[in-house]
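Below: the structure, in C-alpha cells.
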Amino acid sequence: MNTTKNTPILSVRHLVKCFGQREILKDIDFSIDHGNVISIIGASGSGKSTMLRCINLLETPTSGEIIFEGKNILDISNNIPLYRTKVGMVFQSFNLFSNMSVLQNCMVSPVTVLKHPKKEARQTAMQYLEKVGMAQYINARPDQLSGGQKQRVAIARALAIKPQILLFDEPTSALDPQMVGEVLSVMSDLANEGLTMIIVTHEMAFARDVSNRVIYMADGVIVEDGTPQDIFGNPQNKKTQEFLARFTKNI
Amino acid sequence: MAADMPTTFLGWVMFIINQYGTALLQGAGVTLLLALFGTLIGCIIGLFVGIVQTIPVTDRTNSGFKFLNKIIQFIFAAYVEIFRGTPMIVQAMVVYYGSMAVFNIDMSAMVAGFLVVSVNTGAYMAETVRGGIISVDKGQTEAAMAIGMNHIQTMYTVVLPQALRNIMPQIGNNLIINIKDTSVLNVISVTELYFVSKSAAGVYYRYFEVFFVTCVIYFIMTFTASRILRYIEHRMAGSADYQLVNDPMADPTGIFPNNSNQGGKQ
Ligand SMILES: Nc1ncnc2c1ncn2[C@@H]1O[C@H](COP(=O)(O)OP(=O)(O)OP(=O)(O)O)[C@@H](O)[C@H]1O
Ligand SMILES: [Mg+2]
C-alpha cells in the first residue's frame with residue numbers, strides 16, 4: 001500500500017445504520033485524504049452524529065465497511081480500542097472526566113492505554129494544553145471551568161493520544177456565543193497544521209473558511225459533497241439550496 | 001447490702017456504669033468491630049457483585065461468555081433477592097444452627113455473626129453499587145472509550161471513582177444501620193452491646209436504667225460514625241477552588257508542580 005497524499009486515510013463504504021426498524025443512515029459513502037478537513041452540515045436529525053459515532057464505533061454499523069489503514073475495522077478480529085486511539089473524538093457535551101483534574105484528563109489515556117511513562121505523558125499533555133491555551137489550569141477540575149475552557153481541554157485530551165484523525169461532533173453547539181470563537185480558533189490552528197479532521201458543525205462561516213470539503217447530509221444520505229466554494233457558492237441540489245438559504249444571512 | 005442500693009434514676013445509672021461500664025464498653029467494642037468489618041467486607045462483596053452485574057454484553061460478545069455470564073447473573077440476582085428478602089435475625093439463626101446441623105461446622109457465634117452481617121450488607125451494597133455505576137453519565141464512558149480505553153480501564157479510572165463518590169452516603173448509611181442492627185445477633189449469643197446490656201439488666205431487674213445507658217452508647221457510636229463519614233464525603237468532593245499555575249513547565253516530573261496542596265483531589 002502506498003501512502004501518497006491522495007490515498008484516503010479513512011473510507012466509509014455503503015454504511016447503513018438502523019435503530020430498530022428505522023434506517024438512520026442509508027448507504028453513506030465517502031473517504032477522507034490525509035490532512036483534509038471535512039465539514040458535515042445538515043438539519044437536526046439528519047444522522048450526522050450517528051455517522052460520526054459509527055466511524056469510531058460508539059455505534060455499531062448495521063452494514064457497510066469502514067476502511068482505515070487498508071483494513072476494514074468492522075472485521076470482528078480488529079482491536080477496537082487500538083483503532084480508537086488513532087481516531088479521536090470531541091463531543092458536543094465535552095465529557096471531561098469529572099473525577100480528574102485537567103492534567104489528569106489529558107494524561108489518563110497515554111498512561112493507561114498507550115502505557116507511556118508518566119513523565120513523557122505529562123510533557124505531551126502539557127504541550128497540547130499549552131497549544132489550546134489551558135496550561136495554567138492543569139489543577140482545575142472540569143466543573144470549575146467555563147464551557148469554552150472545557151472544550152479546549154477536551155481537544156487537548158483527544159490530541160494527547162496523537163490521533164491520525166480527529167472527529168468533532170458540534171464542538172461549539174453547547175457554548176455561549178462569546179466562547180465559540182476561542183474553540184474555533186484552536187480548531188483552525190489544528191487545520192493549518194495539517195491534522196485530518198471531520199467536523200459536524202452548524203458554524204457555516206467556519207465550514208466555508210477552514211475546511212477543504214463540505215458534505216451536506218439530509219435524512220441519512222449524503223446529498224452533496226464538494227469544495228466549500230461549490231457547496232456554499234453554487235449548490236446543485238435543491239435541498240442544499242433550501243438548507244443554506246436559512247444560513248446565508250449568517251455568513 | 002440492700003441498704004447500699006441506689007434509690008434514684010441517676011443513682012441507678014451511676015451504679016450501672018460503675019458495675020457494668022467495662023462490660024458495656026466491651027460489648028460496644030464487639031458491636032463496632034462487627035459493624036465496621038461487616039460493612040467493609042459487605043462493601044467489597046457489593047462492589048464485586050455490582051461490577052459483574054454491569055458487564056456489558058453486546059453483539060460482539062462471544063456466545064460462551066454470554067452463557068457463563070447469564071448463569072453468574074442468575075446466581076447474583078438470587079443472592080441479592082434472598083438476603084434482602086429475609087430478616088437478618090432469621091439469617092443469623094439459620095447460619096449459626098444450620099452450619100452445625102447441615103455441614104457439621106462448629107462455627108463460633110462471632111464468626112457466624114461476621115458472616116451474616118457481611119453477606120447481608122453485601123446484598124444491599126450490590127444494588128447500591130449497580131445503581132451507582134449505571135447513574136454515571138453515559139458521556140463519561142463514551143469519552144473513555146473514544147480515547148481507547150477498554151471496559152476494565154474505563155471502570156477503574158472513570159466509572160468506579162465517580163460511582164464510589166456518589167454512593168458514599170449510602171455506604172455511611174449502611175455502617176450506621178449495621179451498628180444498630182448487629183444487636184439482632186444477640187439471638188445467637190454474640191456478646192455485642194445489646195447482649196451485654198440484657199445480661200446486665202437481668203441481674204438487678206433494672207431494664208430502664210441499663211438500656212438508657214445502652215441507648216446513649218449506641219447514639220455516641222452512630223453519631224460519631226455519621227460525622228466522620230460527612231468529613232470523608234467532604235474531602236472526596238475536593239477543594240472548592242484551584243490556583244493557576246504560572247509556570248507549568250517548572251517541574252515537569254511532578255503531577256502538581258508549584259502548589260501540590262491545591263487543586264482537585266481524586
Ligand atoms: N440510540 C438511538 N436509538 C434510536 N434512535 C436514535 C438513536 N440515536 C439517534 N437516533 C435517531 O437517529 C436520527 C439521527 O440522529 P442524529 O443524532 O445522528 O442526528 P444529527 O444529525 O446529529 O442531529 P443534530 O444536529 O440535532 O445533532 C434521529 O432521528 C434520532 O432520533
Ligand atoms: Mg448531532
Side-chain angles (χ1 to χ4, degrees), chain A residues 53 56-58 60 76 79-114 118-120 122-123 126-127 129-130 134-145 154 157-158 160-161 163 167, chain B residues 56 58-62 132 135-166 236-266:
Chain A
R53 291 165 58 82
N56 81 345
L57 300 183
L58 287 175
T60 310
I76 200 95
N79 182 341
I80 294 174
L82 181 72
Y83 165 72
R84 288 197 180 117
T85 63
K86 298 175 183 172
V87 180
M89 176 111 169
V90 173
F91 300 86
Q92 178 175 353
S93 50
F94 329 123
N95 297 346
L96 290 178
F97 304 130
S98 64
N99 57 316
M100 300 179 199
S101 70
V102 164
L103 182 59
Q104 287 167 330
N105 261 282
C106 298
M107 284 176 63
V108 62
S109 178
V111 171
T112 58
V113 179
L114 303 176
K118 274 212 161 117
K119 190 175 170 182
E120 186 189 319
R122 185 182 191 281
Q123 266 165 357
M126 287 309 307
Q127 178 193 330
L129 283 168
E130 197 94 55
M134 288 297 293
Q136 285 192 311
Y137 294 84
I138 51 178
N139 293 336
R141 278 195 318 269
D143 60 3
Q144 297 167 325
L145 300 177
R157 173 178 70 179
I161 49 172
L167 313 174
Chain B
T58 63
D59 315 341
R60 288 172 160 261
T61 319
N62 85 44
S135 70
V136 171
D137 180 20
K138 198 157 158 277
Q140 298 279 309
T141 35
E142 287 189 346
M145 292 197 306
I147 52 176
M149 291 193 209
N150 58 32
H151 176 69
I152 293 171
Q153 291 164 338
T154 304
M155 284 304 270
Y156 79 75
T157 59
V158 176
V159 177
L160 286 179
Q162 293 183 31
L164 277 178
R165 188 181 60 197
N166 293 343
M236 282 176 93
S239 65
D241 55 4
Y242 59 91
Q243 287 199 344
L244 293 179
V245 179
N246 291 319
D247 189 7
M249 298 311 264
D251 172 19
T253 54
I255 304 281
F256 300 111
N258 302 350
N259 42 357
S260 55
N261 58 344
Q262 284 292 326
K265 191 184 175 296
Q266 258 212 57

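As the structure is a computational prediction, the values presented were derived from the model and not from experiment. Residue numbers start from 1 in every chain, and the chains themselves are labelled A, B, ... in the order their sequence lines are given, proteins ahead of strands.
- Between the Asn95(A) side chain and the Gly139(B) main chain, a donor and an acceptor come within less than 3.5 Å of each other.
- Contact count against chain B (heavy-atom pairs under 4.5 Å) is highest for Leu58(A) among Leu58(A), Asn56(A), Thr85(A).
- Both the backbone and the side chain of Gln140(B) have a heavy atom closer than 4.5 Å to some heavy atom of chain A.
- Phe97(A) touches chain B through backbone and side chain together, each having a heavy atom under 4.5 Å away.
- Closest heavy-atom contact between Leu145(A) and Tyr242(B): CD2-OH, 4.2 Å.
- Ranked by heavy-atom pairs under 4.5 Å with chain B, the list Lys86(A), Met89(A), Arg157(A) is led by Arg157(A).
- When the shell of 6.0 Å around CG of Leu82(A) is examined, it contains more than 12 heavy atoms from other residues, nucleotides or ligands.
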Evaluation steps, side chain to side chain contact (heavy atoms under 4.5 Å, CB included), between Val108(A) and Gln153(B) = CA-CA 10 Å; Val108(A) 62; Gln153(B) 291 164 338; over 6 Å; no
Val113(A) vs Ile147(B), side chain to side chain contact (heavy atoms under 4.5 Å, CB included): CA-CA, chis, key distance, verdict = CA-CA 8 Å; Val113(A) 179; Ile147(B) 52 176; over 6 Å; no
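- For the residue pair Pro81(A) and Gly148(B), the shortest heavy atom distance occurs at CB-O, 3.2 Å.
- Taking each heavy atom of Met145(B) and Arg84(A) in turn, the nearest pair found is O-CD, 2.9 Å.
- Ile161(A) touches chain B through its side chain: at least one heavy atom from C-beta onward sits under 4.5 Å away, while N, CA, C and O do not.
- Taking both residues in full, the closest heavy atoms of Val158(B) and Met100(A) are given as CG2-CE, 4.0 Å, listed atom of the first, atom of the second, then distance.
- Only the side chain of Ile80(A) comes within less than 4.5 Å of a heavy atom of chain B; its backbone N, CA, C and O stay farther away.
- When heavy atoms are compared at a cutoff of 4.5 Å, Val87(A) approaches chain B solely by way of its backbone atoms N, CA, C and O.
- Contact annotation for Ser93(A): neither backbone nor side-chain heavy atoms come within less than 4.5 Å of a heavy atom of chain B.
- Here the shortest heavy-atom pairing between Arg165(B) and Asn99(A) reads NH1-CA, 4.1 Å.
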